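The structure follows.
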Amino acid sequence: QVQLAESGGRLVQAGDSLRLSCQGSGGDFSTYAGGWFRQAPAKEREFVATISSRGEVAYVADSVKSRFSISRDNAKNTVYLQMDRLTSEDTAVYYCAAGMNGYARTMRSNYDYWGQGTQVTVSS
């Protein structure tokens, strides 16, 4: 069973950049797809980005694709979410997820393990 730990969330100013990290442990993380989702107050959890197990396929939500990117370093069992030009609309709890099938997928139901989340707050 894989455990996921997100880090990197904090309070930033509009226009700043942040990089979130998700480290996996307890399993061979390199065989899992990685995903990032976010949930703002009173809103549904939404897809942000996904990357396949070996990193050859990646998708980013249309709403953020000009500003966000996803990557991974399997030697470090870590998936990253780079977020640039942040706005107040990006304020949310960001969750990392791992999918056993290894394929980059956008739906929450495709993921088997979830982290506890990391808070990103963008002040305007």
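Because the structure is predicted, anything quoted here is derived from the model rather than measured.
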**Report entry** Contacts of type side-chain contact (heavy atoms from CB on, under 4.5 Å), residue S69, not counting sequence neighbours
**Finding:**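 Once residues adjacent in sequence are excluded, the partners of S69 under the side-chain contact (heavy atoms from CB on, under 4.5 Å) criterion are Q82.
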**Report entry** Any residue meeting ring-ring contact (aromatic ring centres under 6.0 Å, His included) with F47, in chain and number order, not counting sequence neighbours
**Finding:**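 ring-ring contact (aromatic ring centres under 6.0 Å, His included) check on F47 returns F37.
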Query - side chain to side chain contact (heavy atoms under 4.5 Å, CB included) partner of L18, chosen from V12, L81, V122, T118 - result: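 The passing option is V12.
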Query - Considering all heavy atoms, the nearest Y32-M100 contact - result: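 Minimum heavy-atom separation between Y32 and M100: CE2-CG, 3.3 Å.
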Query raised in the report: Which pair of non-hydrogen atoms, one from E6 and one from Y95, has the smallest distance, and what is that distance?
Result: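 Nearest heavy atoms, E6 then Y95: OE2-CA, 3.4 Å.
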Query raised in the report: Between R85 (side chain) and S66 (backbone), is there a donor-acceptor pair under 3.5 Å?
Result: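 Pair found, side chain donor or acceptor close to backbone of S66.
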Report task. Would you list the pairs meeting disulfide bond (SG atoms under 2.5 Å apart) in which at least one residue belongs to residues 67-124, sequence neighbours left out? Result ->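 Of all non-adjacent pairs touching residues 67-124, those that pass disulfide bond (SG atoms under 2.5 Å apart) are C22-C96.
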Query raised in the report: Nearest 0.5 Å, what's the OG-CG distance between S52 and N101?
Result: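 Those atoms lie 10.5 Å apart.
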Query raised in the report: Would you say the side chains of T121 and Q119 form a donor-acceptor pair under 3.5 Å?
Result: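 Yes - a donor-acceptor pair under 3.5 Å links their side chains.
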Query raised in the report: Hey, is the main chain of S53 close enough, under 3.5 Å, to the side chain of N74 for a donor-acceptor pair?
Result: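 Yes; judged by distance alone, with no hydrogens or angles, the pair exists.
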Query raised in the report: Minimum heavy-atom separation for G117 to V93, with atom names?
Result: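 In terms of heavy atoms, the two residues are closest at CA-CG1, 3.8 Å.
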Report task. Please answer: with hydrophobic residues joined when any side-chain heavy atoms are less than 4.5 Å apart, are L20 and Y111 in the same cluster? Result ->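 Different clusters.
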Query raised in the report: Of all heavy-atom pairs between R72 and R54, which one has the smallest distance, and what is that distance?
Result: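 Reported closest heavy-atom pair: CD-C, 4.5 Å.
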Query raised in the report: When rounded to the nearest 0.5 angstrom, what is the spacing between OG1 in T91 and CG in L86?
Result: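 Here the interatomic distance stands at 8.5 Å.
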**Report entry** Residue list, side-chain contact (heavy atoms from CB on, under 4.5 Å) with D73, at least two apart or on another chain
**Finding:**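 Once residues adjacent in sequence are excluded, the partners of D73 under the side-chain contact (heavy atoms from CB on, under 4.5 Å) criterion are A75, K76, Y80.
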Requested in this report: Decide if atom CD of Q116 counts as having more than 12 heavy atoms of other residues, nucleotides or ligands within a radius under 6.0 Å.
Outcome: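 Open.
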Query raised in the report: Looking at L4 and A98, what are the two nearest heavy atoms and their distance?
Result: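 For L4 and A98, the tightest heavy-atom pair comes out as CD1-N, 3.6 Å.
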Requested in this report: State, with a plain yes or no, whether a side-chain heavy atom of V120 is found less than 4.5 Å away from one of M83.
Outcome: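 A side-chain contact under 4.5 Å exists here.
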**Report entry** Within 6.0 angstrom of E44 CD, more than 12 heavy atoms from elsewhere
**Finding:**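 No - once you tally the heavy atoms of other residues, nucleotides and ligands closer than 6.0 Å, there are 12 at most.
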Query raised in the report: Between N110 and Y103, is any pair of side-chain heavy atoms under 4.5 Å apart?
Result: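 No - every pair of side-chain heavy atoms lies 4.5 Å or more apart.
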Requested in this report: Using modelled atom types only, decide if a donor and an acceptor are shared between the side chain of S25 and the backbone of V2 within a distance under 3.5 Å.
Outcome: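 The answer is no, because no donor-acceptor pair under 3.5 Å joins these two groups.
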Report task. Specify the closest pair of heavy atoms between D84 and S17, including all atoms of both residues, with the distance to one decimal. Result ->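 For D84 and S17, the tightest heavy-atom pair comes out as OD1-OG, 2.8 Å.
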Query raised in the report: Taking the side chain from T50 and the backbone from R105, do they hold a donor-acceptor pair closer than 3.5 Å?
Result: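 Such a contact is found between T50 side chain and R105 backbone.
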Query raised in the report: Do the side chains of Y113 and I51 join up, straight or via other hydrophobic residues, at under 4.5 Å, putting them in one cluster?
Result: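 Same cluster: Y113 reaches I51 through Ile, Leu, Val, Met, Phe, Trp or Tyr contacts under 4.5 Å.
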Query raised in the report: Who pairs with R67 by salt bridge (Lys or Arg N to Asp or Glu O under 4.0 Å), at least two apart in sequence or on another chain?
Result: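 With sequence neighbours excluded, R67 shows a salt bridge (Lys or Arg N to Asp or Glu O under 4.0 Å) to D90, given in chain and number order.
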Query raised in the report: Residues two or more places apart in sequence or in another chain: which of them pass salt bridge (Lys or Arg N to Asp or Glu O under 4.0 Å) with E46?
Result: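 Testing E46 for salt bridge (Lys or Arg N to Asp or Glu O under 4.0 Å), a comparison that skips the adjacent residues, returns R38.
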